[in-house]
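Working notes, beginning with the structure itself.
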Amino acid sequence: MKNWDVIIIGAGVIGLSLALRLRDEHRSVLGVEKHEPAGEATHAAGGMIANCDPHTPAILQPFADASAALYPEFVHEIESESGESTDLRDVGTIAFFGRGNSPTHAAARKLSVDELRTLEPALAVETEILITCLYPDAETPLPVFKVPSVAVEMHGPPWFLPERCVDPRALGRALTKACKKRAVDFVTGSEVLEVLTAAGRAMGVRTSHATYHAGAIVNCAGAWAAKIEPLPIPTRPVKGQMVCVVPQSLSGGPHIPGSGICGKELIRHVVRTPRIYIIPRSDGRILLGATVEDAGFDKRTDPRKIKRLYQAGLDIAPVLSNTRIHDAWAGLRPGSPDNLPILGETSIPGYFAATGHYRDGIMLAPATASAMAELITGQQPSLDLAPFSPSRFA
Ligand SMILES: Cc1cc2nc3c(=O)[nH]c(=O)nc-3n(C[C@H](O)[C@H](O)[C@H](O)COP(=O)(O)OP(=O)(O)OC[C@H]3O[C@@H](n4cnc5c(N)ncnc54)[C@H](O)[C@@H]3O)c2cc1C
């Protein structure tokens with residue numbers, strides 16, 4: 001009977017990234033996946049590496065910054081190992097946080113309307129207003145500007161955030177390939193029902209088909225983590241619907257004569273507002289997301305909500321009227337009771353959790369993988385995992 005050093009339950013971005021790091025530490029790894037690798041939240045995600053967002057909880061900020069900083073190296077390794085591109089883009093994010101909400105991140109920079117128009121002409125659409133409407137507290141009178149309608153709508157100034165984004169589907173494919181190349185074993189189509197123990201220590205897993213043995217087990221089962229006996233890790237599904245649009249023509253010519261918007265790139269930056277975010281891919285696809293819903297394990301899309309997302313995109317960037325809907329989908333984010341990740345050893349020695357990444361699992365994958373691999377192999381994690389300990393829910 002084959003034994004592994006570590007069994008990872010769930011082959012999403014977290015399980016796959018951790019498997020690679022454990023191979024760096026020369027551990028043998030089995031990934032047990034109930035469907036196919038990277039097919040759930042990882043497949044559904046937008047891929048923003050949004051570490052400058054003011055909604056990031058303060059306690060998560062150092063971890064988020066560390067993970068974002070690891071991204072270029074993380075992706076470089078996966079791309080060279082797999083031969084696949086992950087479309088890591090570092091053009092940056094243009095964000096509107098609404099009146100009274102400013103980013104606290106040191107890297108965030110307020111944009112003038114002119115800068116905004118230059119950076120992202122797709123947003124600089126024709127709403128001519130007195131700028132004093134937007135800045136009623138300004139001490140000196142401000143001139144009339146053409147400002148983007150989104151700024152009017154959101155009653156707040158635009159910010160530039162030096163963030164990256166990645167294509168999570170491409171990342172999932174590349175990670176899977178890299179893991180296979182690095183001799184990570186996989187069992188797919190097998191649902192783990194239970195973590196097995198002997199003398200109070202984790203020693204294996206039981207699936208719907210078989211049992212597998214290892215010295216350490218890690219629950220990376222995302223929104224489904226709580227279903228695994230005997231110690232449910234308290235995640236819950238938080239549904240997100242998204243829509244993908246593509247330019248009417250991907251042939252490469254100018255789409256909007258005289259607009260300066262050419263080729264495949266209708267929009268260059270990630271754009272975030274309180275109503276919607278827009279994520280461009282290098283191949284011309286543009287994602288509009290996302291809903292945040294408590295709907296259990298339901299992954300159906302609702303045409304009315306998809307239409308609303310598309311309309312919200314059009315309101316901010318009318319250039320999107322030159323696109324057509326390509327597809328729409330829903331995925332289940334792994335929320336936790338306090339919406340922070342759950343990272344560390346559980347009350348069962350040898351049984352670890354690496355889940356609950358909620359809206360940030362793509363961003364947090366590199367730091368999670370490094371710190372958890374250190375912990376599982378008996379090293380002191382180089383990032384502080386104490387705030388995310390599973391014991392906080394005991
Ligand atoms: C619409 C949407 C947009 C998002 N946008 C972003 C974004 O822009 N940036 C960002 O950082 N994050 C984003 N996220 C969040 C991100 O997708 C998740 O945090 C991340 O994918 C979680 O990864 P995971 O590996 O934990 O979970 P998953 O990718 O869901 O993987 C869990 C895996 O475990 C498997 N599994 C479950 N139960 C079992 C079992 N019992 N036995 C075996 N296998 C099992 C599942 O089949 C699945 O493959 C978004 C999510 C959604 C839904």
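Basis for what follows: all heavy atoms, side chains included, without hydrogens, waters or symmetry-related copies. Both counts, for ligands and for their atoms, begin at 1 and track the order of listing. Just so it is clear, the model here is predicted, and its values are computed rather than measured.
- Of all the heavy atoms of Pro334, the ones lying under 4.0 Å from any atom of ligand 1 belong exclusively to the side chain.
- No hydrogens or angles considered: nothing links the side chains of Tyr358 and Thr235 as a donor-acceptor pair under 3.5 Å.
- At the top of the distance list for atom 27 (O) of ligand 1, counting protein heavy atoms only, stands Gly222 CA, 3.9 Å.
- The shortest separation from a heavy atom of Tyr277 to ligand 1 is under 4.0 Å, placing the residue in contact.
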Show, in sequence, the C-alpha distance, side-chain angles and deciding distance for Thr197 and Tyr351, and conclude whether the side-chain hydrogen bond (donor to acceptor under 3.5 Å, both in side chains) test is met.
CA-CA 9 Å; Thr197 58; Tyr351 182 31; over 6 Å; no

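- Here the options are Lys110, His269, Glu115, the test is side chain to side chain contact (heavy atoms under 4.5 Å, CB included), and the partner is Phe160; only His269 passes.
- For the residue pair Thr86 and Glu79, a side-chain donor N or O sits within less than 3.5 Å of a side-chain acceptor on the partner.
- Ligand 1 places these atoms under 4.0 Å from at least one heavy atom of Asp360: 10 (C), 11 (O), 12 (N).
- No side-chain donor from either of His105 and Asp53 sits under 3.5 Å from a side-chain acceptor of the other.
- The closest approach between a heavy atom of Glu33 and any atom of ligand 1 is below 4.0 Å.
- Residue Glu191 approaches ligand 1 through these ligand atoms, each under 4.0 Å from one of its heavy atoms: 40 (C), 41 (N), 42 (N).
- Minimum interatomic distance between Ile348 and Ala202 (heavy atoms only, all atoms of both residues): CG2-N, 3.8 Å.
- With Arg206 as the fixed residue, the side-chain hydrogen bond (donor to acceptor under 3.5 Å, both in side chains) test singles out one of Glu229, Glu194, Glu191: Glu194.
- Of the protein's heavy atoms, Gly46 N, 3.0 Å lies nearest to atom 5 (N) of ligand 1.
- Listed by number with element, the atoms of ligand 1 under 4.0 Å from a non-hydrogen atom of Gly331 are 53 (C).
- The shortest contact between atom 29 (O) of ligand 1 and any protein heavy atom is with Thr42 OG1, 2.5 Å.
- No hydrogens or angles considered: a donor-acceptor pair under 3.5 Å links the side chains of Glu374 and Ser382.
- Taking hydrophobic clusters as Ile, Leu, Val, Met, Phe, Trp and Tyr residues chained together by side-chain heavy-atom distances below 4.5 Å, Leu288 shares a cluster with Leu266.
- Across Ala223, Ala221, Ala330, heavy-atom proximity to atom 37 (C) of ligand 1 is greatest for Ala221.
- For Ile228, every heavy-atom contact with ligand 1 shorter than 4.0 Å involves the side chain, none the backbone.
- For atom 50 (C) of ligand 1, the nearest protein heavy atom (residue, atom name, distance) is Ala45 CB, 3.6 Å.
- At a heavy-atom distance under 4.0 Å, only backbone atoms of Arg359 (N, CA, C or O) approach ligand 1.
- Residue-to-ligand polar distances keep Gly39 apart from ligand 1: every N/O pair is separated by 3.5 Å or more.
- Under a 4.0 angstrom heavy-atom cut-off, Gly172 registers as lying outside contact with ligand 1.
- Taking every non-hydrogen atom of Met48 and a distance limit under 4.0 Å, the qualifying atoms of ligand 1 come out as 7 (C), 8 (O), 9 (N), 10 (C), 11 (O).
- There is no side-chain donor-acceptor pair under 3.5 Å between Thr377 and Arg27.
- Note on residues 7-46: no pairs pass ring pair (Phe, Tyr, Trp, His ring centres under 6.0 Å), not counting sequence neighbours.
- Near Glu40, the atoms of ligand 1 lying under 4.0 angstrom from a non-hydrogen atom of the residue are 30 (O), 46 (C), 47 (O), 48 (C), 49 (O).
- For atom 2 (C) of ligand 1, the nearest non-hydrogen atom of the protein is Ala44 O, 3.8 Å.
- Protein heavy atom closest to atom 20 (C) of ligand 1, with residue, atom name and distance, is Gly361 CA, 3.7 Å.
- For the residue pair Asp65 and Ser67, no side-chain donor N or O sits within less than 3.5 Å of a side-chain acceptor on the partner.
- Listed by atom number, the atoms of ligand 1 under 4.0 Å from Gly10 heavy atoms are 33 (C), 34 (O), 35 (C), 44 (N).
- Every atom of ligand 1 with a heavy atom of Gly240 under 4.0 Å away is listed here by number and element: 1 (C).
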Step by step, work out the salt bridge (charged side-chain N to carboxylate O under 4.0 Å, His left out) result for Arg281 and Glu265.
CA-CA 8 Å; Arg281 301 268 187 256; Glu265 275 195 338; over 6 Å; no

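- The closest protein non-hydrogen atom to atom 44 (N) of ligand 1 is Lys34 N, 3.0 Å.
- Less than 4.0 angstrom separates some heavy atom of Ile14 from each of these atoms of ligand 1: 23 (O), 24 (P), 25 (O), 26 (O).
- Comparing Ala41, Gly289, Ala38 by heavy-atom distance to atom 28 (P) of ligand 1, the nearest is Ala41.
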I would like to know whether Lys177 and Glu81 meet salt bridge (charged side-chain N to carboxylate O under 4.0 Å, His left out); could you show each step before the answer?
CA-CA 8 Å; Lys177 227 169 156 179; Glu81 200 85 56; over 6 Å; no

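- The part of Met242 lying near ligand 1 is the side chain, judged by heavy-atom distances below 4.0 Å.
- The shortest separation from a heavy atom of Gly47 to ligand 1 is under 4.0 Å, placing the residue in contact.
- Between the side chain of Glu345 and the backbone N or O of Ile376 there is no donor-acceptor pair closer than 3.5 Å.
- Annotation: the span from Asp185 atom CG to Tyr212 atom OH amounts to 10.5 Å, rounded to 0.5 Å.
- Close to ligand 1: Cys220, with a non-hydrogen atom less than 4.0 angstrom away.
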Given salt bridge (charged side-chain N to carboxylate O under 4.0 Å, His left out), test Glu293 with Arg300 step by step and report yes or no.
CA-CA 12 Å; Glu293 304 167 59; Arg300 286 170 300 180; over 6 Å; no

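- Counting heavy atoms closer than 4.0 Å to ligand 1, residue Leu364 contributes nothing at all.
- Of the protein's heavy atoms, Tyr358 O, 3.1 Å lies nearest to atom 15 (C) of ligand 1.
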